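The model shown is predicted, which means the values in this text are computed figures rather than measured ones.
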Amino acid sequence: MQVRLLGPVEVVSGGLVTAVPGLRRRALLAVLGLHPGRAVSSDQLIDAVWDDRPPATATNTLQRNISYLRELLGSKDAIVAKPAGYLLDIGGEATDVEQAERLISQGRQASSPHEAVRHLRAALALWRGRALADVAELRWLGEQARRLSHTEFEAIRALIDCRLALGEHALLVPELQQLVTARPFDEDLHRQLMLALYRAGQQAESLAHYQRLKRTLADELGIDPGQALRDLEAAILRQDSALDAPGSPVTVAPVPAVRAPAQLPLATAAFAARAKEIARLDAVMAEHSENVCLAVVSGTAGVGKTTLAVHWAHRARQSFPDGQLYADLRGFDRGGSVADPAAVLRAFLDAFGVPVEKIPADIDAQAALYRSVLAGKRVLVVLDNARDAEQVRPLLPGTPGCAVLVTSRYQLTALVTVEGAHPVMLELLTDDEAREVLVRRIGKDRVAGQEAAVQEIITRCARLPLALALAAASCVTRPDLPVGGVAEELRQSLGALEALQSVDSGTDIRSVFSWSYHALSPDAARVFRLLGAHPGPEFSAEAAASLTGMAPADLRAKLAELARANLLTQPKPGRYSLHDLLWTYAADLGRAEEGFPRLLDHYLHTALSAALLLNSHREPLAVPAPMPGIAPERLSTREQAASWFTAERAVLLGMVKRAAQQGFDDYVWRLAWAAQDHLDRCGHWGDQVLNQQAAIQSTKQLGDRAAQAHAHCSLSTAYARMARYAQAQSHLGHALDLYASLGDCGGQAKAEYQMGWLSNRQGEHAQAVGHARQALRLYRLAGQPMMAARTLNSLGWGYALSGDFARARPRCELALAQMRELGDLTFQAGTSDSLGYIYHHLGDFDLAIAYYQRALELFRELDDRYYEADTLKHLGDTHHAAGDDSAAGAAWAQALELLDLLGHPDAAQVRAKLTSSAAPSP
């Protein structure tokens with residue numbers, strides 16, 4: 001058994017993880033755990049747990065919490081009462097903090113770098129995020145959290161020194177660049193980065209980094225670099241042999257860039273019953289631990305399938321150290337927005353760091369890549385709310401060690417028959433189980449002597465867990481209301497939800513919803529009704545504020561009221577959701593209140609703002625001002641815009657679909673326009689197709705030929721990404737015709753530019769050159785200098801791919817000069833890479849290297865790691881062609897490090913280059 005503090009506070013016993021409910025209980029266990037082998041006085045505990053502001057009942061509460069923790073830890077001797085206070089006594093290394101400190105100490109005292117790396121890596125692997133993450137709001141524990149963060153960073157620093165001693169300088173460069181960005185004034189990190197760059201054959205970059213740091217320190221702090229850095233600069237300038245790398249580099253596997261995914265939602269703290277089903281899942285897992293284990297939990301809506309699956313998954317997660325994946329497949333979504341398996345595959349591949357450009361468009365190819373990623377790993381996959389077997393099959397791993405837990409309202413017999421899934425049928429609770437649920441949620445004292453009322457609640461809730469949770473919430477949120485009063489409210493309520501006709505006909509589930517709803521304050525009830533207009537699956541507080549017209553602070557109080565009544569959940573910070581049955585109920589109540597147009601306005605104005613942050617060169621759309629009371633979300637950086645689009649992607653798809661169904665054509669194409677860059681950048685091309693098909697129909701209804709032409713161009717791009725070239729070409733033809741009919745030279749140029757890009761993708765370089773020439777002429781005629789400069793590079797690239805480097809060079813050089821004047825960093829980087837390629841093939845290796853180095857600087861500034869690796873690969877090719885195998889190896893090694901971190905298949909090609917260059921000549 002061990003108490004884990006390097007992350008959220010939890011207890012591990014026999015491989016099972018148990019969360020500690022309640023802030024004060026977690027804090028109490030953490031304080032005891034941070035005093036290993038020592039008793040802590042009651043006064044110290046009270047001060048730490050209540051932040052020096054204890055209530056009058058603190059001593060009694062402390063004793064009750066001690067008793068609770070002893071029960072949680074499985075023994076009354078786990079926390080021992082001493083004259084001096086209380087002592088945590090569970091044997092061995094009672095906490096992961098003790099374990100980490102021992103490993104770090106062993107690493108520092110190790111006799112060799114190899115041994116030190118092993119200990120330090122093991123220590124750092126114990127951190128599961130910020131230490132004491134769920135109790136750090138308390139002052140003393142916040143100080144301890146900062147101390148442990150410092151301990152973690154010092155271990156990282158020591159690990160870097162050991163890896164430098166092992167010759168891993170090339171592997172460390174990108175890691176150190178990230179660290180110095182996060183800690184710009186940490187001179188020891190800068191020392192390590194300069195040394196790594198120098199050993200990787202980048203002496204000039206090492207010295208340039210020193211100069212940049214020197215300017216930063218002078219500008220920001222008014223100081224010079226310390227003596228150690230000044231001495232290192234001097235040693236690099238004289239190429240001191242003491243700085244040379246070890247003679248025989250040793251490869252040590254790098255720390256993964258992406259932590260094992262841990263996507264499980266929050267487990268229900270008051271989970272009760274279902275012992276039989278949990279035992280069944282445990283048995284299935286034990287029987288098939290060496291194979292892919294597949295279980296299907298089925299049952300009616302509201303019967304607790306998700307609660308059971310998430311609870312069991314949390315219990316079992318220690319058996320799956322390589323990650324836990326979770327997806328809501330929305331198989332019975334009220335708006336028909338069933339999750340596309342391709343979109344779920346994309347999300348799972350993203351979780352393992354697979355880069356967008358290496359994810360194929362075809363779902364069968366995506367599934368094959370997914371199975372390859374999971375091969376050899378122990379991963380738990382939870383697929384919640386599945387519609388049918390076909391939705392599940394692409395998401396199944398293919399090799400032993402993984403497990404899949406599916407929930408569905410259907411039994412999915414096809415999976416049982418073909419894939420050998422183990423069915424677990426979830427029935428309504430028994431009376432005893434239902435009573436346990438109520439007791440856990442309400443408390444023994446409240447139900448004592450109320451057997452008749454409790455039984456009536458159980459009967460009227462049909463022993464359905466969702467209905468029982470709502471009934472219990474009514475008791476908890478109204479402590480003065482007797483349990484019998486809740487039973488009386490149920491007895492007097494009328495109505496029924498069609499969605500639950502499968503439940504005992506004598507039971508009225510709408511009554512459960514209605515009395516919870518009628519118990520709300522008027523403002524909270526209005527919020528609940530209006531939320532029925534949202535397409536789901538989640539919404540932000542900002543979106544709800546626009547929907548309701550309420551001030552954010554007032555709204556959050558009403559959302560909290562809905563959550564307390566179990567009419568709302570918060571699946572992640574800042575995001576809210578309703579059970580699908582509750583969403584249906586809210587929509588029924590709110591039919592007279594038209595909230596959807598306000599939602600459209602909120603999402604459109606926020607999406608347009610985010611789109612321009614992602615791509616500042618786009619021409620803004622002219623749209624009316626927001627409706628009164630609409631407050632678009634405030635986004636100020638490209639990173640915030642990307643995060644917003646990621647969080648809201650499913651919502652935006654639902655908004656476009658419903659807007660098209662309800663005739664809001666002006667919103668349909670504008671929302672599709674706003675989302676297109678994000679969907680293209682992240683590889684959601686199937687979503688892009690659906691959006692742009694809807695946009696084409698809406699613009700036809702509006703008679704807006706310019707917007708229709710743009711939608712055809714965007715749809716063409718998505719089809720091209722999916723290698724559906726004939727359809728891509730057809731839509732570009734439609735766009736070109738529409739732009740021509742409007743006399744729009746810039747639009748015609750855009751269509752021609754995309755035709756050139758499409759031709760190059762198909763290897764038709766002569767045709768690409770012809771389209772680029774036409775696009776260049778039209779962009780100049782339209783007075784669009786930035787696009788003309790980009791097209792000039794496209795023309796030069798077409799010539800380069802066809803082998804005509806004499807024509808390619810001047811066009812790309814002129815394009816680069818124009819982009820510098822216009823401040824287009826993205827295409828400066830790409831054009832610099834083009835010129836590196838061109839000069840390489842012209843035999844001018846020095847110029848090629850210079851252009852590649854400039855492209856690298858820009859790609860790093862743009863934080864584009866794939867194209868940084870791609871350029872490093874080209875740079876290595878040029879060094880190799882110039883006869884400098886040492887520099888080539890250094891560039892390829894850096895490229896390999898980045899590609900390995902990205903999980904990119906190109907890593908094999910670069911690894912082969914390194915192996916070949918290291919082989920002795922025959």
Walk me through whether R441 and L468 qualify under side chain to side chain contact (heavy atoms under 4.5 Å, CB included).
CA-CA 9 Å; R441 289 176 178 267; L468 289 165; over 6 Å; no

Please check if the side chain of R4 supplies one atom and the backbone of R128 the other of a donor-acceptor pair under 3.5 Å.
no

What's the verdict on side chain to side chain donor-acceptor pair (under 3.5 Å) for D161 and Q192, showing C-alpha distance, side-chain angles and the deciding distance?
CA-CA 7 Å; D161 278 332; Q192 291 173 322; 3.0 Å; yes

Strictly distance-based, threshold 3.5 Å: is any side-chain N or O of H35 a donor or acceptor partner for the main-chain N or O of L87?
no

Would the distance check show the side chain of E561 and the main-chain N or O of S521 forming a donor-acceptor pair, the cut-off being under 3.5 Å?
yes

Output for pair (Y576 OH, L568 CG), nearest 0.5 Å, gives 7.5 Å

Going by side chain to side chain contact (heavy atoms under 4.5 Å, CB included), L34 matches just one of L29, L141, V3. Which one?
L141

Between E98 and A94 (side chain of the first, backbone of the second, donor and acceptor by atom type, cut-off under 3.5 Å), is there such a pair?
yes

Residue pair N65, V49: steps toward the side chain to side chain contact (heavy atoms under 4.5 Å, CB included) verdict:
CA-CA 11 Å; N65 286 342; V49 170; 5.9 Å; no

Quick check against the 3.5 Å criterion: does D322 have a side-chain atom that pairs as donor or acceptor with the backbone of R378?
yes

Would you say F153 and D186 make side-chain contact, with heavy atoms under 4.5 Å?
yes

Start with the C-alpha gap between I278 and H311, add the side-chain angles, then the distance that decides, and say whether side chain to side chain contact (heavy atoms under 4.5 Å, CB included) holds.
CA-CA 9 Å; I278 288 174; H311 177 83; 3.7 Å; yes

Without swapping roles, check the side chain of D96 against the backbone of L5 for a donor-acceptor pair under 3.5 Å.
yes

Please check: side-chain N/O of H150 versus main-chain N/O of R146, any donor-acceptor pairing under 3.5 Å?
no

Run the side chain to side chain contact (heavy atoms under 4.5 Å, CB included) test on V439 and V454 for me, step by step, so that the C-alpha distance in whole Å, both residues' side-chain angles and the decisive distance to 0.1 Å come before the verdict.
CA-CA 9 Å; V439 170; V454 168; over 6 Å; no

Flag side-chain contact, heavy atom, 4.5 Å: L159 against V117:
yes

Would E154 and R157 pass as an ion pair if we require N to O under 4.0 Å?
yes

Let me confirm one number: the CG-CG distance from D188 to L229, rounded to the nearest 0.5 Å.
8.0 Å

Measure the spacing between CZ of R121 and CG of L103 and express it to the nearest 0.5 Å.
13.5 Å

At what distance, to the nearest 0.5 angstrom, does CG of L62 lie from OG1 of T57?
10.5 Å

Tell me every residue that passes side chain to side chain donor-acceptor pair (under 3.5 Å) with R102, counting only those two or more places apart in sequence or in another chain.
E93, Q106

For residues 22-50, pull every pair meeting salt bridge (Lys or Arg N to Asp or Glu O under 4.0 Å), keeping only residues two or more places apart or in separate chains.
R26-D134

Donor-acceptor pair, D51 side chain versus R139 backbone, under 3.5 Å?
yes

Begin with the C-alpha distance, continue with both residues' side-chain angles, and end with the deciding distance and a verdict on side chain to side chain donor-acceptor pair (under 3.5 Å) for S105 and R108.
CA-CA 5 Å; S105 176; R108 293 185 182 281; over 6 Å; no

Could you measure the distance from the CG atom of L45 to the CH2 atom of W140? Nearest 0.5 Å is fine.
9.0 Å

Any side-chain to backbone donor/acceptor pair from D89 onto V80? Under 3.5 Å, distance only.
no

Side-chain heavy atoms of P36 within contact of T95, under 4.5 Å:
no

